[in-house]
**Student:** 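One structure, pasted below without further comment.
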Amino acid sequence: MQLYQSNQIKIHNSLTGKKEVFKPINEGHVGMYVCGPTVYSNVHLGNVRTFMSFDMIFRYLKHLGYKVRYVRNITDAGHLENDADVGEDKITKKARLEQIEPMEVVQRYTVDFHNILNTLNFLPPSIEPTATGHIIEQIELINKIIDNGFAYEINGSVYFDVHKFNETNDYGKLSKRKLEDLIHNTRALDGQSDKKNPQDFALWKKAEPQHIMRWPSPWGDGFPGWHLECTAMSTKYLGETFDIHGGGMDLKFPHHECEIAQNEAAIGKSPVNYWMHANMLELNGQRMSKTTGNTINPNELLSGNNDKMSKAYSPSVIRFFMAQSSYRSVLDLTDDGLKASEKGYNRLMEAINLLPKLNTSKTSSIKIKDWKQKCYDAMNDDFNSPILIAQLFEATKYINQIKEGKETLTAEDLGLLKDTMNAFVFDVLGLRNEAETSSGTDKLTGAVDVLIKLRQEARANKDFAMSDKIRDELAEVGIQLKDGKDGTTFSVN
RNA sequence: GGCGUCGUGGCCGAGUGGCUUAGGCACAGGUCUGCAAAACCUGCUACAGCGGUUCGAUUCCGCUCGACGCCUCCA
């Protein structure tokens, strides 16, 4: 019996705009695809938020016992900078600026991306395919779309015929757009394009002589269009139709809309049952933007080396902060918000550190099973991590009350509380007990215990000057003493 | 301009047609303490505005205002 059999998940499906009961195509298995980063610069913090949401979703699905194949791609082929036939993509441009090979840019920022996700305790996806590693699959896909009459070749480039497609299919169903509205609102670009209609998008672009990233194809040397890789790779690894496709809200149109169109045009099937979109991250109430300087990258946030925040924030605090809001809400990154989260996170970890020290009783005064169910109910409801965290703070209160002797738990219930806390805090939310790892050395504990003992003696002798000196000087180096009914404990901040 | 998401108390953030109307942070009072801190207890009640539906709306509908996203590179 797996947990997923007793936990019915509801997912907000962007395609329908409703919460729907999640039913995987193959029982016990979940296929999930998330659009990964384009590796031409340091990963965007907003991008990190999106991936963190899906990391948590991945973790929860695994926790429920699903066998999850989680595919998150690396876009290393370069997206076209615009629709004009200038033919220089982001990666080539960066390579020229930095005087290095395009694949060197790709390598550098892929490493940077992985480093940051590691620091933030992400689970690696099951497969992390690259666009450049799937050129053949993309060419095959284009051939299918041409064969089915939904694409046309002009001057070595291939375009998707949106108008033709819309005669038999519904282009715009994900982003709730009508083709006629798009026609009215698309700005014409100086007639440089070979496209039949401005709404058409490139499947294959002819490479100009100076274009370095290029591959041979039936239509001459070129490179794939910027929606194609996801269709090719998701189909290859997850099948023609799979369970969950995620990404940032900003990818809904045109990127995901085009993925649907490509899949339907090539295979005749809609690719995804549940579309999920994570909302935007703002900085101090404004969108992040390099041009206005309202931006902060993950390394700067982690190091404190920036002019937006008063201090550095640890990976777990950043995770905790993000988990305190729903993935579907706009989240505003602020110093005050992070500070508040840091305090809450510390309180939660203190409680977890108390768990092994609690006494058990013959009876329980708290219904731990009910509480545990509430944790699952929260996550089952469209991965509502803020509600889950509210429940974790309920448990924090229980733990403190048990410690004070105001509530009791049997050994069995305490075990249940421990297991559930550990599962949700560490496995599902992906937090780490940072205080424990930094303070957990036996030598430090021994040394502080000596000081605690000295302070006790000073207090017994009413030498409060000495006892306060020990307490205050320890506080200065980040060790906080806590006097309780049965002795003094400490925590490292 | 079009389409989409949203607007909750000092701040951050869930949720709901009425019932006990999350949680965190901050603040105030209390218990504990040599004094503190920590912990515990108590207090602080909101849903942008205007209409409508309803016995009743913060929750549903419409409009207005505002924010953000997409429509054009941007996660």
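Every chain is numbered from 1 and lettered A, B, ... according to where its sequence line falls, protein lines coming before strand lines.
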**Student:** What is the distance from atom CG of A:L301 to atom CE of A:M309, rounded to the nearest 0.5 Å?
**Tutor:**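 Result: 6.0 Å between the selected atoms.
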
**Student:** Within the structure shown, what part of the strands sits under 4.0 Å from A:E282 by heavy-atom distance: base, sugar-phosphate, or nothing?
**Tutor:**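 Here A:E282 touches the backbone only, sparing every base.
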
**Student:** With a centroid cutoff of 5.5 Å and a plane-angle limit of 30°, would you call A:F464 stacked on B:G34?
**Tutor:**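 Stacked: ring centres under 5.5 Å, planes under 30°.
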
**Student:** For nucleotides 58-66 of chain B, which of its nitrogen or oxygen atoms have a protein nitrogen or oxygen under 3.5 Å away, and what is each distance?
**Tutor:**
none

**Student:** What residues, two or more places apart in sequence or in another chain, satisfy salt bridge (Lys or Arg N to Asp or Glu O under 4.0 Å) together with A:D463?
**Tutor:**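 With sequence neighbours excluded, A:D463 shows a salt bridge (Lys or Arg N to Asp or Glu O under 4.0 Å) to no residue whatsoever.
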
**Student:** Filter on side chain to side chain donor-acceptor pair (under 3.5 Å), then keep only pairs touching residues 44-57 of chain A, sequence neighbours left out; what's left?
**Tutor:**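 As it turns out, the side chain to side chain donor-acceptor pair (under 3.5 Å) pairs with a partner in residues 44-57 of chain A, which skip direct neighbours, are A:R49-A:S325, A:D55-A:R59, A:D55-A:R319.
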
**Student:** Quick one: list whatever passes salt bridge (Lys or Arg N to Asp or Glu O under 4.0 Å) with A:D382, sequence neighbours left out.
**Tutor:**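 Partners of A:D382 by the salt bridge (Lys or Arg N to Asp or Glu O under 4.0 Å) criterion, ordered by chain and then number, come out as A:R328.
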
**Student:** Could you write out RNA chain B as dot-bracket? Rules: Watson-Crick or G-U wobble, both distances under 3.5 Å, brackets [ ] for crossings, | for pairs with another strand, dot for unpaired.
**Tutor:** (((((((..(((.....[....))).(((((.......)))))....(((((..]....))))))))))))....

**Student:** Touch check for A:L331, heavy atoms < 4.0 angstrom, all strands: base, sugar-phosphate only, or nothing?
**Tutor:**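 Answer is sugar-phosphate: A:L331 comes under 4.0 Å of backbone atoms only.
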
**Student:** State, yes or no, whether a side-chain contact exists between A:M276 and A:M32 at a heavy-atom distance under 4.5 Å.
**Tutor:**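 SC-SC contact between A:M276 and A:M32 ruled out.
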
**Student:** Considering residues at least two apart in sequence or located in another chain, which fulfil the salt bridge (Lys or Arg N to Asp or Glu O under 4.0 Å) criterion with A:K339?
**Tutor:**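 A:K339 satisfies salt bridge (Lys or Arg N to Asp or Glu O under 4.0 Å) with A:D335 once adjacent residues are dropped.
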
**Student:** Using distance only, find each side-chain donor-acceptor pair of residues 395-406 of chain A under 3.5 Å and give its atom names and separation, not counting sequence neighbours.
**Tutor:**
unit_1, atom_1, unit_2, atom_2, d
A:T396, OG1, A:L392, O, 2.9
A:N400, ND2, A:T396, O, 3.2

**Student:** Residues in ring-ring contact (aromatic ring centres under 6.0 Å, His included) with A:H12, at least two apart?
**Tutor:**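 Residues passing ring-ring contact (aromatic ring centres under 6.0 Å, His included) with A:H12: none at all.
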
**Student:** Return a single string for nucleotides 35-42 of chain B, one symbol per nucleotide in 5' to 3' order, where B is base contact, S is sugar-phosphate-only contact and - is none, cutoff 4.0 angstrom on heavy atoms.
**Tutor:** BBBBBSS-

**Student:** Just the atom pairs and distances: protein N or O near nucleotides 47-49 of chain B's N or O, under 3.5 Å.
**Tutor:**
none

**Student:** Regarding A:S329, tell me which of base, sugar-phosphate or nothing describes its non-hydrogen contacts under 4.0 Å with the strands shown.
**Tutor:**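 Since only primed, P, OP1 and OP2 atoms lie under 4.0 Å of A:S329, the category is sugar-phosphate.
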
**Student:** Residues from residues 374-387 of chain A sitting under 4.0 Å of RNA chain B, heavy atoms only?
**Tutor:**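 Result for residues 374-387 of chain A: A:N384, A:P386, A:I387, sorted by number.
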
**Student:** Please enumerate all residues that pass salt bridge (Lys or Arg N to Asp or Glu O under 4.0 Å) together with A:K173, with sequence neighbours excluded.
**Tutor:**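 Per chain and number, A:K173 pairs via salt bridge (Lys or Arg N to Asp or Glu O under 4.0 Å) with A:E264.
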
**Student:** With a 4.5 Å heavy-atom cut-off, do A:R471 and A:D468 have their side chains touching?
**Tutor:**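 In short, these two side chains touch, coming nearer than 4.5 Å.
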
**Student:** Under 4.0 Å between any heavy atoms, over every strand shown, what does A:T489 touch: base, sugar-phosphate, or nothing? Just pick one.
**Tutor:**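 The residue A:T489 makes no contact with any strand.
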
